[in-house]
Amino acid sequence: MKLIYAIVNNDDSHTVSNALTKAGFSATKLASTGGFLMAGNTTFLVCSDDDKVEEIIDIIRTHSRRRKQFVPASPSYEAGSYSSFPVEVSVGGATIFVTDIERFEKV
């Protein structure tokens, strides 16, 4: 058995959740925050048999899209005023970890 951790942008969370449920997979959803942009994410925990891992990853990949977003860069102080120049970054998509499970119980 495997445990899949999938960190997904909040914008894609609902569609990923629906797609996993429609395909017959149950997932635990946890609210999480990214360290780089301090933006909201959802971390999905999905337990599955080894032969279903690629199917689950494909579902997550299909419903988690990357997009560009402008965020403020490091602040600059000019003549006593605060200004920040926006920088384009890529957000969204999914970060996925797959680990072995030694024991699994549903009680």
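Index from 1, following the sequence.
Residues Leu30 and Phe44 are not in side-chain contact: their nearest non-hydrogen atoms beyond the backbone lie 4.5 Å or more apart. Side-chain contact between Lys2 and Cys47: absent, with no pair of heavy atoms (C-beta onward) separated by less than 4.5 Å. The shortest side-chain heavy-atom distance between Val53 and Ile4 falls under the 4.5 Å cut-off. Side-chain contact between His63 and Ser13: absent, with no pair of heavy atoms (C-beta onward) separated by less than 4.5 Å.
Contact detail for Asp12 and Gly93: the closest heavy-atom pair is OD2-N, 4.3 Å. Nearest heavy atoms, Ser64 versus Val16: OG-CG2, 3.5 Å. The two atoms that bring Ser26 and Val46 nearest to each other are O-CG1, 3.8 Å, heavy atoms only.
Here the CD1 atom belonging to Ile59 is positioned 5.0 Å from the CZ atom belonging to Phe25, to the nearest 0.5 angstrom. The distance from the OG1 atom of Thr15 to the CD1 atom of Ile60 is 11.0 Å, given to the nearest 0.5 Å.
In this structure, Leu3 is a member of the same hydrophobic cluster as Met1, with clusters built from ILVMFWY side-chain heavy atoms closer than 4.5 Å. Note on Phe104 and Ile56: separate hydrophobic clusters, where clusters join Ile, Leu, Val, Met, Phe, Trp and Tyr whose side-chain heavy atoms are under 4.5 Å apart, directly or indirectly. When the side chains of ILVMFWY residues are joined at heavy-atom separations under 4.5 Å, either directly or via intervening members, Phe97 and Leu45 end up in a single hydrophobic cluster.
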Worksheet entry | Derivation and outcome, side-chain hydrogen bond (donor to acceptor under 3.5 Å, both in side chains), residues Ser32 and Asn41 | CA-CA 5 Å; Ser32 54; Asn41 295 317; 4.6 Å; no
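Legend: side chain to side chain donor-acceptor pair (under 3.5 Å) pairs involving residues 48-57, not counting sequence neighbours: none detected.
Screening Val8, Ile57, Ile7 against Ile96 for a side chain to side chain contact (heavy atoms under 4.5 Å, CB included) leaves a single residue, Ile57.
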